Amino acid sequence: MKSLGFSKPFIARMARCAATHGTTIEQEVLASGHVQEEAYYGALARLAGLPFLDAIPDGAVVDGKGLDSQLKRPCSVRLYDKTRPPVTVIAPEARRIDHLLASLERHPGLRQSLAIASASSIRRAAWQAGAERRVKATIDALFEERPDFSARTVLTGRQGFWAGAMTSGVFALLLGAPGIAVAVLHLTLSLLYLAALCLRMAALGHGQRSKGARQRPAAPAVAAAEETLPIYTVMVALYREAEVVAQLIGALERLDWPRARLDIKLVCEADDTATLSAIRALDPPRHFEIVEVPPMAPRTKPKALSYALSGVRGDYVAIFDAEDRPHPGQLTEAYHTFRAAPADVACLQAPLVIANMRQSWTSALFALEYAALFRRMLPILARYRMPLPLGGTSNHFRAGLLRAVGGWDPFNVTEDADLGMRLYRLGYRSGTIRRQTLEDAPTTGAVWLGQRTRWFKGWLQTWLVLMRDPARTIDEMGFAAFATFQLLIGGMLISALSHPLILVFIATSAVAMLQKPAETIGPFEAILFIIDVTNILGSYAAFVTLGTTTMTAHERKLVGNRWMGVPLYWMMTSLAAWKAVVELRCKPFFWNKTPHQPRQTTGPSEKAQTQMQAGAVLVKEPCDPACQPS
């Protein structure tokens, strides 16, 4: 390092960071932000007397076996040119530079076949050379290796047969005995709706009993400075997100994790020039990497994430969305939770908190929904080791297990719920952590409808995948978990699809009963009416209560009286569900993109939400301020 012109105090400071993080002085120097990577490797090239390449020409690297190793630890690639002999481009490590110099001195002819480039240049060349192979493998791998887990087949032949037979039977019954058909349909939908409601009511009752336990602070974690931290990969899939790029990079820069141990991948479509230009204009630090995904159908977030999975360097992987502002200590809490958890815990879900809940009635009700799911339902399911329908962001995975289960399904448009169920089927479990991620909800009905339609379509895909062979699924999950899945995913779908019908049943039953003497109303008719009213009013009450009881007083104040819009919100949900059914038939893999806008300021409401769990989460201070970039 002295030979490269660094001062002794600077080297000593980087040495302390290296000892703390279990890295090398070179890694800390490059992560510090004080030295440009190209300048550093250029200095190594001058020291060795070798040519330096600012960039590796496109097409100069030939794809082959072993090239993907350069995505994780870039050290050398072979360049081919018809006009000259092959050249090996290396990114030498400072601790081995003496060996390189000695080899060059013993074999001067090596200088004709060697050149130096930065590690990032070698990694970019490896991504470019193997792009076509990787994207094809990403699209086909799960379908070819485990077709039973892939949503690429929307309906199997068996499912199509039974769907057709049941539909034909319903229509035949409606034509032959309409009264019986309507009664059977009414009873079936009402009982299924009631079963889904019972799950929410059970979660509400359980949450009230364990409220005190949930509010106790978590045990403090071992300070990160006392141990060597692993590399942590953070991946964000971006598409047409130029406006929020600056906010995203700022949020990720606040993550409290050593920069030399952080691997942030911004995964973009190769033809999304606006987003790529916005990222490059900001010139993010070295631990940020742009991964360009070749434009090939399906154009979905899970395809982009699975494509980037081959370059993941970390032992753990976190997934965030473009508009997210994760708690700075979220990686730390996830890491320590993984260390304390059984080896079969493959994923941890952080809570998502809506920051713009006061912006519209839609975002306020969205915030209630998220509070109920992420702060009540998922922690309860995790406690009893039940399957978790993961959220699409703030998931933390053990990288090895994520690869072992095949990553994300490129054809499932709600890849998070699908992956949560697949993990469970393969013998793994998911848990939850407490440090939150702030994000913004849609504020207009049109944007909300597009997003919710995609979610319902993906939940339908997930349900169909698990129901290809119900007996096998029960054997893999166990009956209790299978029943929970049916109530969570199946119950949610039935509730949304049947909501208008239940309202019609209530209205027609009420009119019919008003026209009859009380003594002529049969018990079957009365019981069905009571069940229907319970379903509707209970659903509304559970929606509001599950959300508000997990919110802070400040959040409840922000929501205000917008909870009264729940009936309309449920009708919008039903519309999205029926729209999803149509889309599943017409365009099953279409990804309805949700547009995002940056937060203009971080006002008092967002600051309060950021700090809302301060007494109940892990707390960690940076190990050494000198190790952080200035």
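Keep in mind it's a predicted model, so treat the numbers as computed, not measured. Heads up: numbering here begins at 1 and tracks the sequence.
In terms of heavy-atom proximity, P588 sits nearest to V413 at O-CG1, 4.1 Å. Between A203 and L546 the shortest heavy-atom distance is C-CD2, 4.2 Å. Contact between V312 and V317 at its shortest, heavy atoms only, is CG1-CG2, 3.7 Å. Contact detail for W361 and G565: the closest heavy-atom pair is CZ3-O, 3.7 Å. Heavy-atom minimum distance, L309 versus M235: N-SD, 4.5 Å. Of all heavy-atom pairs between A322 and H596, the closest is CB-ND1, 4.5 Å.
In this structure, L194 CG and N535 CG are separated by 5.0 Å, a value rounded to the nearest 0.5 Å. With rounding to the nearest 0.5 Å, the separation of NE2 in H327 from CG in L255 is 11.0 Å. In this structure, the separation between CG on L365 and CG on L568 is 8.5 Å, given to the nearest 0.5 Å. The CG atom of L419 sits 12.5 Å away from atom OG1 of T414, with the distance rounded to the nearest 0.5 Å. Note that CD of Q597 and CG of D440 are 10.0 Å apart. Values are rounded to the nearest 0.5 Å. Of the inter-residue distances, the one linking L388 atom CG with N395 atom CG reads 10.0 Å to the nearest 0.5 angstrom.
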Practice problem: Would you check, one step at a time, whether the test side chain to side chain contact (heavy atoms under 4.5 Å, CB included) holds for S539 with R200? | Solution: CA-CA 8 Å; S539 296; R200 294 193 289 272; 3.3 Å; yes

Exercise. Under the side chain to side chain contact (heavy atoms under 4.5 Å, CB included) rule, what do V154 and L584 come out as? Steps first, then yes or no, please.
Key: CA-CA 8 Å; V154 178; L584 188 67; 4.0 Å; yes

Quiz item: Between E323 and T594, does a side chain to side chain contact (heavy atoms under 4.5 Å, CB included) hold up when you go through it step by step?
Solution: CA-CA 11 Å; E323 78 279 17; T594 304; over 6 Å; no

Quiz item: Passes side-chain hydrogen bond (donor to acceptor under 3.5 Å, both in side chains), Q330 versus T437? Steps please.
Solution: CA-CA 8 Å; Q330 194 178 118; T437 295; 2.9 Å; yes

Quiz item: Run the side chain to side chain contact (heavy atoms under 4.5 Å, CB included) check on L464 and L155 step by step: do they pass?
Solution: CA-CA 7 Å; L464 288 170; L155 276 176; 3.8 Å; yes

Practice problem: Starting from the C-alpha separation in whole Å, work towards a yes-or-no answer on salt bridge (Lys or Arg N to Asp or Glu O under 4.0 Å) for K593 and E241. | Solution: CA-CA 10 Å; K593 175 73 177 67; E241 299 285 11; 2.7 Å; yes

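A donor and an acceptor atom, one from each side chain of T462 and N412, are located under 3.5 Å apart. In summary, the side chains of T393 and D324 do present a donor paired with an acceptor at a separation below 3.5 Å, with no hydrogens or angles considered. Inspection of the T549 and R376 side chains reveals an N or O donor paired with an N or O acceptor under 3.5 Å. When only modelled atom types and interatomic distance are considered, Y335 and H396 share no side-chain donor-acceptor pair under 3.5 Å.
Look at D416 and K301 and you find no salt bridge, because none of the NZ, NE, NH1 or NH2 atoms lies under 4.0 Å from a carboxylate O. Using a 4.0 Å cut-off between a side-chain N of Lys or Arg and a carboxylate O of Asp or Glu, R452 and E369 qualify as a salt bridge. Looking at E555 and R375, a side-chain N of the basic residue comes within less than 4.0 Å of a carboxylate O on the acidic one, giving a salt bridge. Of the charged side-chain nitrogens involved, at least one lies within less than 4.0 Å of a carboxylate oxygen, so that D148 and R472 count as a salt-bridged pair. Under 4.0 Å is where a charged nitrogen must lie from a carboxylate oxygen, and between R385 and D344 at least one such pair does.
Between W563 and Y569, the ring centre distance reaches or exceeds 6.0 Å. For Y370 and F366, the ring centers sit closer than 6.0 Å to each other. The six-membered or imidazole ring of H499 lies near that of Y540, with a centre-to-centre distance under 6.0 Å. A distance of 6.0 Å or more separates the ring centres of F397 and Y316. The aromatic ring centroids of H206 and Y384 lie less than 6.0 Å from each other.
Under the 4.5 Å side-chain criterion, counting only non-hydrogen atoms from C-beta, L528 is not in contact with F505. In this structure the side chain of V447 reaches within 4.5 angstrom of the side chain of P595, judged on heavy atoms. In this structure, the side chains of F456 and Q451 stay at 4.5 Å or more apart for every pair of heavy atoms. By the 4.5 Å heavy-atom criterion applied to side chains, L493 and W459 are counted as neighbours. L348 places a side-chain heavy atom less than 4.5 Å from the side chain of T337. Using a 4.5 Å heavy-atom threshold, the side chains of T444 and S360 count as separate. Residues L488 and L381 meet the side-chain proximity criterion, which asks for heavy atoms closer than 4.5 Å. Residues L466 and M421 have side chains in contact (heavy-atom distance under 4.5 Å, counting atoms from C-beta outward).
For the pair K457 (side chain) and F590 (backbone), a donor-acceptor distance under 3.5 Å is present. The closest donor-acceptor contact from the side chain of S574 to the backbone of A496 lies under 3.5 Å. Checked by atom type and distance alone, the side chain of S498 never pairs as donor or acceptor with a backbone atom of L501 at under 3.5 Å. In this structure a side-chain-to-backbone donor-acceptor pair under 3.5 Å is missing from W408 to L305. Of the possible polar contacts, one joining the D409 side chain to the A151 backbone as a donor-acceptor pair under 3.5 Å is found. At distances below 3.5 Å, at least one donor-acceptor pair connects side-chain atoms of R562 with backbone N or O atoms of R358. Formation of a donor-acceptor pair under 3.5 Å by the R422 side chain with backbone atoms of V405 is found in this model. Of the possible donor and acceptor atoms, none in the side chain of T188 sits under 3.5 Å from a partner among the backbone N and O of L185. A donor-acceptor contact shorter than 3.5 Å links the side chain of S363 to the backbone of N356. The backbone N or O of K579 sits nowhere less than 3.5 Å from a side-chain atom of T453 that would complete a donor-acceptor pair.
A cation-pi arrangement, defined by a distance under 6.0 Å to the six-membered ring centre and an angle within 45 degrees of its axis, is present between R429 and Y424. Judged by the 6.0 Å and 45° rule, R299 forms no cation-pi pair with W591.
Legend: salt bridge (charged side-chain N to carboxylate O under 4.0 Å, His left out) pairs involving residues 152-170, not counting sequence neighbours, sorted by first then second residue: D140-R152. Applying the side chain to side chain donor-acceptor pair (under 3.5 Å) test to pairs two or more places apart or on separate chains, those with a residue in residues 478-488 are W463-Q486.
Taking a 6.0 Å sphere around CD1 of I180, one finds it holds 12 or fewer heavy atoms contributed by other residues, nucleotides or ligands.
The side chain to side chain contact (heavy atoms under 4.5 Å, CB included) check on I506 picks up I502, F529, D532, V533, I536, with sequence neighbours excluded.
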